[in-house]
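In listed order, ligands and their atoms are each counted from 1. Values below: all heavy atoms of this structure, side chains included; hydrogens, waters and symmetry mates excluded.
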Amino acid sequence: MVEHVRVAFGTGIVLGLWRGQLEVPPTTAHLLTYYEGRCNANCQFCPQARGSTADTKMLSRVIWPRCDIERVLSAFEEKNDEFVRICIQTVNYKGVIDNVCELVAQIKNRCDTPISVSCQPLEIEDIEKLRGVGAERVGIALDAATPELFDRLKGEGMGSSYTWEGHLKALDGARATFGDRVSTHLIVGLGESEQDMIQTIQLLRDRDITVGLFAFTPIAGTALADRPQPNVSSYRRIQLARFLIFNNLSRVERMRFANGQVFDFGVPCDVLNKTVESGEPFRTSGCSGCNRPFYNESPRGPIYNYPKKLAQKEKTEIKTQLGF
Ligand code: SF4
C-alpha cells in the first residue's frame with residue numbers, strides 16, 4: 001500500500017502543498033516514488049544511487065519532499081487544470097512496479113491528466129501492467145551516450161545489472177505496448193563527444209524513441225560531484241542536431257564532424273538559420289508538455305533547457321554561443 005510519494009519542489013508549490021517563488025511554473029507535475037533507502041542501481045551521477053551519500057530528498061538539483069499520498073491526490077483533484085502531464089519517476093527497489101502501478105491507478109481515479117512513468121528496464125508483463133492501469137507513456141533512461149560510458153557510469157562496471165543492450169532491448173520491448181509513446185533521457189557532459197551523442201540520438205530516432213536531453217549536473221555526495229557542467233556552446237549544437245533529426249530535417253550521416261565536434265548540420269543555411277531563430281531546439285525536450293523548469297540549472301543561468309518560449313534576447317545570446 002503506497003502511503004507516501006515525493007513531490008518535486010516546484011510541483012508542490014503549484015499544487016498548494018507548500019509556498020515558494022516560481023520563476024516559471026512547471027507544466028508537468030513531477031512525482032518520485034518514496035522508498036526508505038537507496039536505489040538498487042548505482043548510477044554515478046545520481047543522488048539516489050546505492051553508493052551515493054547525497055540527501056535522498058534530491059534528484060538532479062531539485063528537492064523532492066515526502067508527502068502523504070492522500071494530500072497529493074486531493075491536490076491533483078482540485079488543481080486538475082494546472083498541468084498538462086504528470087510524470088512519475090521511480091527509484092529501483094523490490095516491489096517498485098506494484099507501487100508505481102498503484103500510484104498511476106490512484107491518480108487516474110482522481111484526474112485525467114496524461115501520466116508518464118520513467119522507470120528501470122521492465123519485463124513485458126510489467127510494461128503491460130503499467131499500460132493496463134492507465135500510464136500514457138513510459139520512459140527508460142539510457143543516460144550515457146555510448147556503451148562504454150554506460151558500463152563505466154551505471155552498468156556492470158558499477159556493480160549494477162544494467163547493460164546498454166538490456167536498456168535498448170527494454171526500450172524496444174516497451175514500444176510493442178506503448179507504440180511511439182516511449183522515451184529515454186540522455187545526459188550531455190558525461191565524457192562523450194558531440195558525435196557520440198548525435199549518433200545515439202539518431203539511433204533512438206530510428207527506433208521511434210523520443211529523446212529528452214539533460215545537461216550533466218554535479219550533486220554533492222555523488223561520485224561525479226566534482227565534474228563540471230557541459231560547455232554551453234557544445235550543448236546548443238547537440239540540441240540543434242537533436243531537433244533537426246527529430247523533425248526529419250537532417251540525419252547524422254549528413255552532418256560533418258571534426259575531432260568529435262559537429263561543424264556542418266547537413267542542412268542548407270536558410271533552414272539552419274530559420275531553425276535557430278525559432279528558438280524551439282533550445283527548449284526542454286522529452287514528452288510533449290514537459291518543461292522541467294531549472295532541473296539542470298539555476299534560474300540565474302546559464303540556462304541549458306529553456307522552460308518557455310524564448311525571448312529575442314535569449315535567441316541572440318544563443319546565436320553568439322553557436323558562433324553565428
Ligand atoms: S520528458 Fe518530462 S514527462 Fe517525460 S519522462 Fe522525462 S521528465 Fe518525465
For ligand 1, which atoms have a heavy atom of Gly286 less than 4.0 angstrom away?
1 (S)

Atom 4 (Fe) of ligand 1 reached by Cys287 (N, O or S, under 2.8 Å)
yes

Measure Gln89 to ligand 1 on non-hydrogen atoms and call it side chain, backbone, both or neither using the 4.0 Å cut-off.
side chain

With a 6.0 Å cut-off on ring centres, are Phe45 and Phe216 close enough?
no

Option among Asn291, Thr284, Asn296 that satisfies the side chain to side chain donor-acceptor pair (under 3.5 Å) test with Asn305
Asn296

Short check: any N/O/S atom of His185 below 2.8 Å from atom 6 (Fe) of ligand 1?
yes

Is the distance between the ring centroids of Phe9 and Trp18 under 6.0 Å?
yes

Please determine if Arg131 and Glu128 form a salt bridge, counting it only when a charged side-chain N lies under 4.0 Å from a carboxylate O.
no

Which atoms from ligand 1 have a heavy atom of Arg85 less than 4.0 Å away?
3 (S)

Show me which atoms of ligand 1 lie under 4.0 Å from any heavy atom of Arg292.
1 (S), 2 (Fe), 6 (Fe), 7 (S)

Return the closest protein heavy atom for atom 7 (S) of ligand 1 as residue, atom name and distance.
His30 NE2, 3.3 Å

So does Lys129 pair up with Asp126, basic N to acidic O under 4.0 Å?
yes

Looking only at protein heavy atoms, identify the closest one to atom 2 (Fe) of ligand 1 and say how far it is in Å.
Cys290 SG, 2.3 Å

Atom 8 (Fe) of ligand 1 [closest protein heavy-atom partner, distance rounded to 0.1 Å]:
Cys87 SG, 2.3 Å

Identify whether the distance between the nearest side-chain nitrogen and carboxylate oxygen of Arg110 and Glu70 falls below 4.0 Å.
yes

Verdict with reasoning, Gln239 to Arg242, per side chain to side chain donor-acceptor pair (under 3.5 Å)
CA-CA 5 Å; Gln239 285 177 305; Arg242 189 206 71 88; over 6 Å; no

Below 4.0 Å from any atom of ligand 1, is there a heavy atom belonging to Gly139?
no

